[in-house]
Amino acid sequence: MRILRVAAIAAGGLLLMSQLVPAQASPSYQWELTPTGSTAQFRGLSAVSKDVAWVGGTGGTVLRTVDGGKSWQNVSPAGASALQFRDVEAFDAQRAVILSIGTGEDSRIYRTADGGKSWTETFRNTDPNAFYDCLAFNSNKHGLALSDPVDGKFRIAATSDGGKSWQVQPTAGMPDALPGEFAFAASGTCLVAGPGRTAWFATGGGDRPRVFRTVDGGKRWTVADSPMASGDAAGIFSLAFRGPLFGVAVGGDFLKPTEAVKAASVTSDGGRTWKLVPADKAPKGYRSGSAFVPWAASTVVAVGPSGSDVSYDGGRSWKQFYDGSFDSVECAGHGLQAGCWASGAKGAVARLAH
């Protein structure tokens, strides 16, 4: 969705819930801010490792760091200052794909293979009724982009060449959208990819939020209802999955940022069913981004305008560890190269310390 419209009015094995147990001594977490020199709002974020990350935001701004945030390079595409980049999917320090959001031709996709020195526009939406929200890649080649419903169905564009070209998919395998249903372009994690050709996307705006799932790269989708909040400004804003089965959804009501209004749920069957996290165990308010940390199978981090929370039990209970504002969070890497990053308003980007 159109989160700007509301303001005006995301790899371990097959883990079951019972297998996700917290460590004996839970680590403490804190965000370490890195100076970006920018005032843009960064809702687009892609973590590659503890050293490499990309962010995208307002004013057509794209930044990249390769030294853990000690310095940031402005690698914004030329002539894009009127666009809002709400999702970034980076494969490494050189290759990345970015999505700008908006109605009609404001929804565009660009690709770089030289660290942002040059960009190629590889997709421009020409349907005035479409509005693309999120990107996700299963691999360096296969990826999907999600649009709000057109003619009563969510729309998918797919790539099989790393974002060099995109094809809008037939909607015969897509369930009908609910009246008023849309996705939230809040953090780039309304659409997430899993193992093989699995992907999920989450919605709000209707009389109930839902989670859609594909196992064939976006050709056919199934859908499940969620017990979380829904409404004009409410629903699921972010998904995070560990493997093909275990996932977390966070969200709430965008207009009630400090209230935990049915703000989190979990699944242990690949998104077929969802269990609501009780209010006393949920994040402390509306949350727009979530991510599993690479170094602990059961640990999840969620961020939003009123704070950041951590769960040590796979999303079944949460504890706030930061009261500042972030919009997006993403983790990546393995071993000593693993890292988590967060981004938000006024040029804020931080790396997670634990």
Side-chain angles (χ1 to χ4, degrees), residues 1-10 43 86-87 101 130-136 145-150 152-156 174-192 199-213 221-241 247-267 271-279 282-291 300 302-306 309 315 318 326-329:
M1 151 190 174
R2 315 134 179 234
I3 195 133
L4 51 152
R5 180 178 69 191
V6 167
I9 18 189
R43 291 186 182 272
R86 291 289 183 94
D87 201 352
I101 58 97
F131 185 114
Y132 284 81
D133 300 289
C134 299
L135 288 171
L146 170 70
S147 168
D148 286 338
V150 178
K153 292 190 176 185
F154 284 91
R155 176 171 289 183
I156 296 291
M174 179 70 70
D176 291 340
L178 300 173
E181 191 176 24
F182 47 72
F184 291 97
S187 66
T189 50
C190 63
L191 169 70
V192 295
W200 300 264
F201 70 83
T203 72
D207 62 11
R208 60 195 183 275
R210 301 195 294 174
V211 178
F212 291 69
R213 175 176 179 265
W221 297 81
T222 57
V223 62
D225 291 346
S226 164
M228 288 172 59
S230 194
D232 289 344
I236 300 172
F237 284 71
S238 175
L239 294 171
F241 273 81
V248 170
V250 300
D253 192 322
F254 177 74
L255 299 181
K256 299 176 181 178
T258 62
E259 299 180 26
V261 184
K262 296 183 178 179
S265 60
V266 296
T267 180
R272 296 174 180 84
T273 60
W274 293 84
K275 182 178 180 179
L276 184 69
V277 178
K284 299 305 180 184
Y286 149 73
R287 297 294 179 254
S288 55
S290 60
V300 198
V303 302
S306 64
D309 305 87
W318 297 81
F326 288 112
D327 297 311
S328 307
V329 60

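Source: prediction; values computed, not measured. Heads up: numbering here begins at 1 and tracks the sequence.
- Going from atom CD1 of Ile236 over to atom CZ of Arg208 covers 12.0 Å, rounded to the nearest 0.5 Å.
- A distance of 9.0 Å separates CD1 in Ile101 from CZ in Arg43, rounded to the nearest 0.5 Å.
- The distance between the ring centers of Phe154 and Phe182 does not fall below 6.0 angstrom.
- Lys153 NZ: more than 12 foreign heavy atoms inside a 6.0 Å radius.
- Here the rule is ring-ring contact (aromatic ring centres under 6.0 Å, His included) with Phe201, and of Tyr132, Phe241, Phe212, Phe184 only Phe212 fits it.
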Could you walk me through whether Met174 and Ile156 pass the side-chain contact (heavy atoms from CB on, under 4.5 Å) check? CA-CA 9 Å; Met174 179 70 70; Ile156 296 291; 3.8 Å; yes
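- Using a 4.5 Å heavy-atom cutoff, the side chains of Trp274 and Val211 are in contact.
- In terms of modelled atom types and a separation under 3.5 Å, the side chain of Arg86 and the main chain of Ala185 share a donor-acceptor contact.
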Could you walk me through whether Lys275 and Thr267 pass the side-chain contact (heavy atoms from CB on, under 4.5 Å) check? CA-CA 6 Å; Lys275 182 178 180 179; Thr267 180; over 6 Å; no
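- Atom CG of residue Asp327 and atom OG of residue Ser238 lie 11.5 Å apart, to the nearest 0.5 angstrom.
- Side-chain atoms of Ser230 come within 3.5 Å of backbone N or O of Gly206 as a donor-acceptor pair.
- The shortest distance between side-chain heavy atoms of Trp318 and Val300 falls below 4.5 Å.
- Rounding to the nearest 0.5 Å gives a distance of 11.5 Å between CG of Asp225 and OG1 of Thr273.
- When side chains are defined from C-beta on, Leu276 counts as touching Lys262, because their heavy atoms get closer than 4.5 Å.
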CA sep, side-chain torsions, deciding dist, call: Thr189, Leu239, side-chain contact (heavy atoms from CB on, under 4.5 Å): CA-CA 6 Å; Thr189 50; Leu239 294 171; 5.9 Å; no
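- A distance of 14.5 Å separates NZ of Lys256 from OH of Tyr286, quoted to the nearest 0.5 Å.
- Ser187 and Ser328 share no side-chain donor-acceptor pair at under 3.5 Å.
- When all heavy atoms of Ala260 and Pro283 are compared, the pair lying nearest together is CB-O, 3.0 Å.
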Decide yes or no on side chain to side chain donor-acceptor pair (under 3.5 Å) for Arg287 and Ser306, but give the supporting numbers first. CA-CA 8 Å; Arg287 297 294 179 254; Ser306 64; 2.9 Å; yes
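- For Leu135 against Ala145, the heavy-atom pair with the smallest separation is CD2-CB, 3.6 Å.
- Side-chain contact between Asp133 and Asp148 is present, with at least one heavy-atom pair separated by less than 4.5 Å.
- A 4.5 Å side-chain heavy-atom check between Cys190 and Phe237 finds every atom pair outside the cut-off.
- When all heavy atoms are compared, the tightest approach of Ala229 to Pro209 is O-CG, 3.5 Å.
- Between Thr203 atom OG1 and Met228 atom CE the span is 10.5 Å, to the nearest 0.5 Å.
- Counting only distance, with no hydrogens or angles, the side chain of Asp253 and the backbone of Val261 share no donor-acceptor pair below 3.5 Å.
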